[in-house]
Amino acid sequence: MATQTSDLLAAAAPRTVDVVRGVADDQLDLPTPCRDYVVRDLLNHLYEVVVNFQQLAGKRPVEWSEKPDHLADGWRDRFETETGRLIAAWSDPSALEGVSPGMGMPQTVIGGMALLDLTVHGWDLAVATGQAYEPAPEAVAELHGLVEQLGPTARKMGVFADPAPALSPTTPDLPNLDHLLAQTGRAPTWPTP
């Protein structure tokens, strides 16, 4: 990534933390743009991302198969704390060196994946719960190349859906965020196509 990963995470994180803080308890069962995830599921997934990518910054193994419920008392504060730890973990220059032993990809890509989840899932949660969301422009600009690079494999693995119809030759001037969302298979106009 051209800009320091920790700087991009520091720009993106407060925006997603604000969205997480804005989720009301009675919104936890609402649908989201992520297939098969309601708000509660997506919050738990994002919490796991924030914690596990701290470990990945240190090139330590992570366990993705456990699916605990992180939404106990104080979960909003804990999410903010863990997000701060994520930024700190990726601010160590050695975090960006070499290949991830557990993921088999360059560490720079792994750091970008954390940024992608914070940015795109911040939008997912915001639209699902009726909140405003303005991602960090520098993060969105940096993520286009990463999504293009990861797209074919991510689609095969079911992580991304096929590019949304918003990405047609007749819409080359989509706003940066809409273009990024469409690349991941999301309809920027969710819940309508």
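Just the heavy atoms: all of them, side chains too, but no hydrogens, waters or symmetry mates, feed the values below. Positions are given from 1 along the sequence.
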Looking only at heavy atoms, which two atoms of [X] and [Y] are closest? And how far apart?
{"X": "Leu9", "Y": "Ala114", "result": "CD2-C, 4.1 Å"}
{"X": "Gly111", "Y": "Trp90", "result": "N-CH2, 3.4 Å"}
{"X": "Leu96", "Y": "Thr108", "result": "O-CG2, 3.7 Å"}

Does the side chain of [Y] come within less than 4.5 Å of [X]'s, by heavy atoms?
{"X": "Leu8", "Y": "Glu138", "answer": "yes"}
{"X": "Val120", "Y": "Leu181", "answer": "yes"}
{"X": "Glu48", "Y": "Pro68", "answer": "yes"}
{"X": "Asp36", "Y": "Asp41", "answer": "no"}
{"X": "Asp69", "Y": "Arg40", "answer": "yes"}
{"X": "Thr32", "Y": "His121", "answer": "no"}
{"X": "Leu150", "Y": "Met113", "answer": "yes"}
{"X": "Phe79", "Y": "Val17", "answer": "yes"}

Does the side chain of Asn176 come under 3.5 Å of the side chain of His179 through a donor N or O and an acceptor N or O?
-> no
Mind running side chain to side chain contact (heavy atoms under 4.5 Å, CB included) on Asn44 and Leu71 for me, showing each step along the way?
-> CA-CA 7 Å; Asn44 275 306; Leu71 305 186; 4.1 Å; yes
Take Thr16 and Thr119 through the side chain to side chain contact (heavy atoms under 4.5 Å, CB included) test and state the conclusion after the steps.
-> CA-CA 7 Å; Thr16 301; Thr119 301; 5.9 Å; no
Give the ring-plane orientation class for Tyr37 versus His45, where under 30° counts as parallel, over 60° as perpendicular and anything between as tilted.
-> tilted
Apply the test side chain to side chain contact (heavy atoms under 4.5 Å, CB included) to residues Leu118 and Leu86: give CA-CA distance (whole Å), side-chain angles for both, the deciding distance (0.1 Å), then the verdict.
-> CA-CA 11 Å; Leu118 265 182; Leu86 175 72; 4.1 Å; yes
Say you draw a straight line from [atom1] of [X] to [atom2] of [Y]; how long is it, rounded to the nearest 0.5 Å?
{"X": "Glu134", "Y": "Asp18", "atom1": "CD", "atom2": "CG", "result": "12.5 Å"}
{"X": "Leu30", "Y": "Thr129", "atom1": "CG", "atom2": "OG1", "result": "8.0 Å"}
{"X": "Met103", "Y": "Lys59", "atom1": "CE", "atom2": "NZ", "result": "14.0 Å"}
{"X": "Asn52", "Y": "Ile110", "atom1": "CG", "atom2": "CD1", "result": "11.5 Å"}

Indicate if Trp75 and Val51 have the same hydrophobic cluster label, given that clusters are the connected sets of ILVMFWY residues with side-chain heavy-atom separations under 4.5 angstrom.
-> yes
NZ/NE/NH1/NH2 to OD/OE distance under 4.0 Å, Arg21 and Glu80 | yes
Does the side chain to side chain contact (heavy atoms under 4.5 Å, CB included) test come out yes or no for Val38 and Leu28, once each step is laid out?
-> CA-CA 7 Å; Val38 296; Leu28 295 175; over 6 Å; no
